[in-house]
K.L.:
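The structure under discussion is supplied below as structure tokens; questions concerning it will follow.
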Amino acid sequence: MDLKNLYREIVNDHNLNPQHKGEMTDPDMELRGVNPSCGDDIFLQLKFDGDKISDAMFKGSGCAISQASVDMMIDNIIGLSKDEALKQSALFHSMINGEVTDEEELEELDEAYYLKDVCHMPARVKCALLGWRTLKEMLG
Amino acid sequence: MKNVNEIRADFPLINEKTVYFDNAATTQRPAAVTAAIKEFYDNYNANPLRGLYDLSSLATEMYGKARAACAAFINAKCAREIIFTRNTTESINLAAYSLGELLINEGDNIVISVSEHHSNLLPWQRVAKQKKANLVFMEPDMTGLLSLDEIKSKIDLKTKIVSIGHVSNVWGRTNPIKEIVEAAHKVGAVVVVDGAQAAPHMKVDVRELDVDLYAFSGHKMLGPMGIGCLYGKLDLLDKMPPFLMGGEMIEYVTRTDATFAEIPHKFEAGTVNAADAYALNTAIGYINEIGFDYIENHEKQLTARVMEGLSKNPYVTVYGSPDPEEHCGIVTFNLEGVHPHDLASVLNDDGICIRAGHHCAQPLMQFMGVGSTARLSLYLYNTDEEVDFFLEKLSKVRNLMGYGS
Ligand SMILES: Cc1ncc(COP(=O)(O)O)c(C=O)c1O
């Protein structure tokens, strides 16, 4: 997908109308993630039910790709166990770094799969990874 | 006198496919400059200043001619006042290390401004920490203007060094160097000027400005990457201790001690970058041929066109002075609701190169209260058509990003 279509069809909606933006009062875990060179800055909160992520939220500011990517990530990880979430984060990293390209393998990323073309935009890789990197740091 | 199309034809990367608006980061080079690098290696290559044979003398001569050209370019008194470095950053590090050793004691003040590029901030932070000195910040108003009152209130008897950008790489505003020099010299302080954004765009006269040290980069003025200059007044350079130690910068060496070569060699340790100095001479020749009258007029006219176009877009904020004459070809702005990185990516899709981010001036971004900004910067080969193309593409970005307009 070319850049303009990526914005139009995927990124804008999550950026302008994020489903998971806000702040929880009683999170079990929280962590700030920043891209110092771009100024992307997010604050990620997780709530657990046993080993399962029962809810997640983020706040922050940054470019549309960084913000949309976190929102999509949260869509995906609610309901997953810690290990499953970590595995998905690893898969997303591999996709953005261009290491995994097989569509079937990437299917579980759901909508976040559409960010795969970011791997051809080196300057934006960090933006797409911010949320996923922060998640990995929290759970890893 | 070349017109803009003839100028464009001299630059292999300036063509219909790209609109290059990131000249404050680095300019493009005319083919003559890249050819000069090859010319040096094919015709004059030997280690300058070392060999006793003809080829080495020839290399030395070419390197010396480049030094003389740089001296003339900023109206230094003589070639020995020019030290070749890699770039502005290295020039300022040399200045900070050496002046720190020479002048700074505990409790002294080093004065800079809040709008400095990191290259004119971090070297002084280190000196201040090591010597337990204070780093004092002059603060301009939001149009980038440093007032005389602010200058006089920050430069006082505790001040030993003032280091100031000639032109801000974010606001494009020219600082009142003469006034700063006057205030500093009155209290016996030395003035260092970061000329990275000035030397490419205006006739710099270091003697008229009466600055003590002046730094600039070749790659921002059509020259190669990897060659820059530090100008210094002879008597000050004489007193300053060397920065890098090693070959070429010595007079006599024993097992435990050394005496140093005369300036400028005292500051040029190791094998020098003669080929790029040679090509910088070619770049200076090119700029002289075009002339600063053309360059300044051309940039002002394009800047006015950019700013007028941006002013018609209700979602655009332009930073710095409202007067296009106060921008030195640099226009920093934001488009409401669109992060500068998204903006730069979208414009890239149309072949437009602009910068987005903090522009190596994070304290200034904090002072302005913005996280990051987009920056367009012009040079002698840009055209009205490119400006209009940019304005047209910019007007479509909010819509593409999902806003109604
Ligand atoms: C005002 C200013 N100072 C210093 C620098 C550093 O120049 P260089 O990277 O050539 O050392 C730049 C450019 O990046 C600049 O714009």
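In what follows, chains carry the letters A, B, and so on, assigned in the order in which the sequence lines appear, proteins first and then strands, with residues in each chain numbered from 1.
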K.L.:
Please state whether the rings of B:His201 and B:Tyr379 are parallel, tilted or perpendicular, taking 30° and 60° as the class boundaries.
P.N.:
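Geometry flag for B:Tyr379 against B:His201: perpendicular rings.
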K.L.:
Under 4.5 Å heavy-atom distance to chain B, tell me which part of A:Ile65 shows up: side chain, backbone, both or neither.
P.N.:
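Answer is both: backbone and side chain atoms of A:Ile65 are under 4.5 Å from chain B.
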K.L.:
Check whether B:Ser345 gets within reach of chain A through its side chain, its backbone, both or neither, counting any heavy atom under 4.5 Å.
P.N.:
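Both parts, heavy atoms under 4.5 Å.
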K.L.:
Heavy-atom distance under 4.5 Å between the side chains of A:Ile74 and A:Gln19, does that happen here?
P.N.:
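Not in contact.
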K.L.:
Relative to A:Phe92, does A:Lys136 satisfy both conditions: NZ or CZ under 6.0 angstrom from the six-membered ring centre, and within 45 degrees of the ring's axis?
P.N.:
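So A:Lys136 doesn't make the cation-pi contact.
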K.L.:
Counting heavy-atom pairs under 4.5 Å with chain B, which one of A:Ser66, A:Cys127, A:Ser61, A:Gly62 comes out on top?
P.N.:
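Of the options given, most contacts go to A:Gly62.
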K.L.:
Would you say B:Ser163 and B:Trp124 are linked by a side-chain donor-acceptor pair, where the criterion is simply a distance under 3.5 Å?
P.N.:
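Judged by distance alone, the side chains do pair up.
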